[in-house]
Each structure stands twice: as structure tokens, then as C-alpha cells.
Amino acid sequence: MIRDQIRQIVTQAVASAQSSGNLPSIAFPPVEIERPNQPDHGDYSSNFALLATSAIKKASGRKANPRQLAQSIVDNIPAGQLVGSVELAGPGFINFRLNECWLQQSVLSIIEQGPLFGAIDRGKGQNWQVEYVSANPTGPLHYGGGRNAVLGDALANVLEAAGFNVQREFYVNDSGTQFQLFIESLYVCYIQLCEEQDALPARNLEVPENGYQGAYLHDYAKLVRERVGDRLAHLAPDDAMAALRPIGREIVVSDIEDELASMGVTFDRWFSEQTLYEEGLVDKLLEQLSEKGEVVRRDGAVWFLASNYPGNEKDEVVVRSNGAPTYFASDIAYHYDKFARRNFDRVINVWAVDHQGHIPRMGAVMRALDLDPDRLKILLYNLVKLIRDGQEVKMSKRSGDILTVREVVEEVGPDAVRFMLLTTSPESSIDFDMSLAVQRKSENRVYYVQYGHARICSLLHRAAQNGHRNPEEVPPDAADIVTLLTDPAELTLIRRMLEMEEQIELAVARLSPHNLTYYAEDLTKTFSVFYENCQVLHSDVPRELARARLLLILAARTALSRVLNLMGMSAPEEM
RNA sequence: GCGCCAGUAGCUCAGUGGAUUAGAGCGUCGCCCUGCGGAGGCGAAGGUCGCAGGUUCGAGUCCUGCCUGGCGCGCCA
């Protein structure tokens, strides 16, 4: 990474200034390289001299002059290929400007990297898991789950770009009370359907008190009947429901899977909670924890003594007094499986804020299992408020009247959904204006980037028609040709593209990819300015210069489609 | 009551302790089509960064207190 290289240059300059006695030999803080806001201040800058001043003051009580310190560092920076100029500025900043020749050649390196452009090696082959969505398998996804899906998916993309081996997992809660209620509700709908279709005597069954009422249950019931006919209607209710469980599970999970796929979200693994019970892992771990005194029986229930751990005020029930385990019991086993068996170096769970209370107890579980709590990260995101025609879209979950991810995707399109749900930092809530998202006009920022990409493709296509042979290929003399790229708009575009690595690094460091949306817009904006200022296929433009600009455009397409793909969006060739 | 999060332009939101001017999109008001897709470009207006203190060479960013809003504090998930 460029930033790392510059950091390295400064660090070495500091070391040589120290060994020649121009800088005191004390322990300095690590060198920070930042990107100045103002272009006048160069491409990169370091405030090291300012930080060093206070370090010296602390160490020796002497007050050093930051500009002087900066000068002695600058004096120790050798000439190189990457950096064109180094200057001392303001109270003691060291500003770096990238070498123009180097910028020009990097156009070719961008093209060469292609769809992997911007990849960095932060992961060093570590195995990470991102677990996201993990909605209850009781029906279609509530639109709020869309944010979870988009966030987790883009984060996984970015982690892969940063050199991590990433596994995407959906945890299927196919064992708890909610799933049981779903099966009971589905059973009732199924029976009603059979009574109707197969002329069976009416039993007047009703969906249980806290059961699921949504219309989708009737669709599911139809699917059940298509598979097994009225066979289950002739069994005793308990037997029928036992038989219904795997069928219902498959129907609802594949419905959710389709729904997510409509947004381009797919998983490597759908992990069944039920299997943790079937193989006895839950019991085994509760037993182990009990032997260690982490789990005790009290008031007829079984408790995990979370309050022994920092941040936890209360203990947690793992087995109710009626003998039924809570979801927390299987969560212990699930995380044991993730860390102790599958050995992920790190796991990121994407949770909505209403689950924030679980965070401290998960930390307690990790410690109780002798696992490093830092291996588990929770990415919390705030809720989504849907606005349509200036009004909040309200809904009642009870009547099953929920707006689903599928409906929102159908209404505004998958790319708009992804972009909109990604622009806001996770901890902020989102006001998602659907009426705005549908508009394919300038008021809608979603299509701006895609439009830019489509223009690029159109331009390359037209170049071929205009007699440029193979505009998508790099000619043998490309290294000479790109030296013609000297227009400020051209160089600015190159600089912007070269931020890709830093944007990926930033998204990984914060565990949030929302910066990508802003970067994508910025990139497109810079391209548009270039496009406005620099003609390519006009007859006035010399042949060689046109070729150079086509290479730049090819690089721009590489960069734009890369960032779109990282966000999980399509990069259309025409619109 | 306690805990977590948010409060930045008319609206929706960025902002990684830095450089007399705090950014973007939309909206508003002006320009730019005998030029590669105008779903574009240029410019203007618009801010006591919730309030009050503090830390430091330097604070929208860190600390404390307060105000407002959201979420959480079950033998629910």
C-alpha cells in the first residue's frame, strides 16, 4: 500500500536522523500518515514532527521546535520513484506528493489487477467467519433484515479483498419456541387447506395464541400439500407436526434463501441449531460448565453464572424449570463449535441493536469456555425506518402484515436497496425513502455510479467502432503511451482510483463498508470531470493521446466495477 | 433508575485529534448542449457541528455534566 510505503520512508528517515544525532534517541510514537483535505497539502502528509515535539517534552522537559524536527527528517528522505516531492509546511507537517511518472504507470497496474484491483494482505490467510441475517425461520424476511444482509455481505466482500478467508454463515434457529409456533401455525393452515380441498370433516382448528398469522402461511401450506397430499391430516396432531417439522423447515428456509438471492446475498453454510442438540453438544457443554461451577441449578431452572464476569449484572437461564432449554443454551454450543472446533480466528456476528444486551453475556460465555473474547466481534446496526410518500410505513407483526425484503426489492430494485442500506454508518438509524429510491432521475444518487460505469463501457465500445483496435487490450508500448496523461483531470482520476486499497482497509478496520458508497460516488464524480474536460474520440484529439485516455478509461472501469462489486451491486454496461 | 447508540446545511447523511474557509447528495436559485449517453458539468445561497465546562500547541472528533430522541435491562428471541 502507498500509505505503508510512505510510512516506511518516514520511519527510516527518523531512524537515520536519530543515528546521525539530529533527533534525540528516545522512543517516539509510531509514524502516522494521513490524507490532507486540501490538495495544496499534497497527496499524503505526516504530523510526526508535531507528535515528536510533545514526546521530547515529556521525555526530557525540553521544548523542541517542530519545524526543525521536521526539517531534519525531510533531510533524511532519499529520492525515490514513488514520491515526487517532499515539503515542510505549516507548523511542522511533512507533505508528500506522488511522482507523476509513477501515477501514469499505475494506470497499467490497475488494469492488470483487474477484478482484484485494490486487494491487500491484511488477513494473512486468517480464517474469519461472518454470521449474518440469521433471522428466525418462521416466514419471509422483515425489511429490516435487509440491512443485516447487505451489511454482512458487503463486509464479507471487503474482508476477502483484504486477504481473509471468509465463511458466510446463516444460523437457522430451527429448534426453539418460535420455530415450534411456526410449525403449529403451519399445521393449522395445512389442515384447513386439506379440509377444503380434500373434503375432510372440519375440525375448526385455530392458529395458536402467539402463532403466525401471515398470509404466506397459506402459500406454505399449499407447498406442504403438494408434497405429501393430505397424508399428515390423518395422523395424530403430535405425529403430524413432528413429520411437518423438516418439511416446514425446508420450505421456509428455501423461501428466505430465494429472497436473499434476489438481493445477491448468498451463504456458504446454513447452520442448523437443531443439530447441536441432536449430536448432544449442548448437553455436553452444560455438563462441562457445570463441573467448572459456571452453571448451577437454582429455583428449578439451570443458570449460567454470567454475573461472575465483567459487564454482566445478571445470571442467565439456560434450561427453564419446565425442562426446555433457552436459545442461550444452544448459543453456547454454537459458539463453542465456531471457535473450539472450526477454529475461526475471528467471528463477526451481525446483530440489530435490539440484541445489544446479549453482547456482554457472549463475552462471559467466551471466557467461561476458556476462549479469547476478542475473537468474537459483534457488528451492531440500528433500525431501518421506511418512508413512502413522506409517511412512515407502519406495520403490525401480529396480523402478519409485514413488509418483506422481497417486496422492497421488487419495488426499488436490488441495487438501490443495497446502496441505500449501505450509505449510513451502522450505529445510525436509516430513514429509507422508498419513493425516492425508485426514481431513476438525478434526485437519485444510486444510479449515478452505475451511469458512470455504463458511459465508460459505451465509450470503449465506440472506440472500437472508431478504428481503435482492441481498446480493451493493453498495447506493448503502453508504458510510453500513458506518459501522455498529464492533464490535471487525468491525474486526479488516477489519484482517486489509487485510494481503493485504503478504502478497503478502512472498511475492514471499522468493520463497516459504508465508506464504499461515498468512495464510489467520489470516484464517479472524478471520472465525470475528466470526461467533461478531456475529449477522447474527437477528431481533434491526437491518436496517441486518445489511446492513452482509453487506457485511463479502462482503468476507471476496473475501479468502478470493483467498488460496485464490493458493495454487491451490478456494474451495468448499459442502462 | 441503569446501560448502549444517536443529535452536523431546509431534508437525508459523511467526517480516521490537525493546517484562517466543517463536506456530499437531494431541494432552492443562477449558468453550460453546432462535443464521446445532460441519468452530466460549473457556480451561489444555506451551519452558534444539541447545550455547558474541561484536556492540548490544535476538538465536530477525547473527558465530565446536562438536554432531546431511539434501543435494551424476562425461566422471549
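In what follows, chains are A, B, ... by sequence order, proteins preceding strands, each numbered from 1.
For U12(B), the OP1/OP2 oxygens have no side-chain nitrogen or oxygen of Lys385(A) closer than 4.0 Å. Not one side-chain nitrogen or oxygen of Ser428(A) sits closer than 4.0 Å to the OP1 or OP2 atom of G70(B). Between G23(B) and Tyr518(A), no contact under 4.0 Å exists linking OP1 or OP2 to a side-chain N or O. The shortest distance between the side-chain N/O atoms of Arg455(A) and the OP1/OP2 oxygens of G38(B) is below 4.0 Å. For G15(B), one of the phosphate oxygens OP1 or OP2 lies less than 4.0 angstrom from a side-chain nitrogen or oxygen of His514(A). A close approach under 4.0 Å does not occur between any side-chain nitrogen or oxygen of Thr177(A) and OP1 or OP2 of C76(B). Side-chain N/O atoms of Arg510(A) include one lying less than 4.0 angstrom from OP1 or OP2 on U16(B). OP1 or OP2 of G37(B) lies within a sub-4.0 Å distance of a side-chain N or O belonging to Arg462(A). Side-chain nitrogen and oxygen atoms of Ser425(A) include at least one within less than 4.0 Å of the OP1 or OP2 phosphate oxygen of A14(B).
Taking atom C1' in both A45(B) and C62(B), the straight-line distance is 34 Å, to the nearest Å. Distance check on atom P: C63(B) versus C29(B) gives 43 Å, rounded to whole Å.
Aromatic stacking is marked for His41(A) over A19(B), as both cut-offs hold: 5.5 Å for the centres and 30° for the planes. The aromatic ring of Phe93(A) is stacked on the base of A19(B), with the two ring centres less than 5.5 Å apart and the planes inclined by under 30°.
Counting any heavy atom pair closer than 4.0 Å across all strands shown, Glu574(A) reaches a base atom.
Geometrically, Arg361(A) does not engage Phe304(A) in a cation-pi contact, judged by NZ or CZ lying under 6.0 Å from the ring centre and within 45° of the ring axis.
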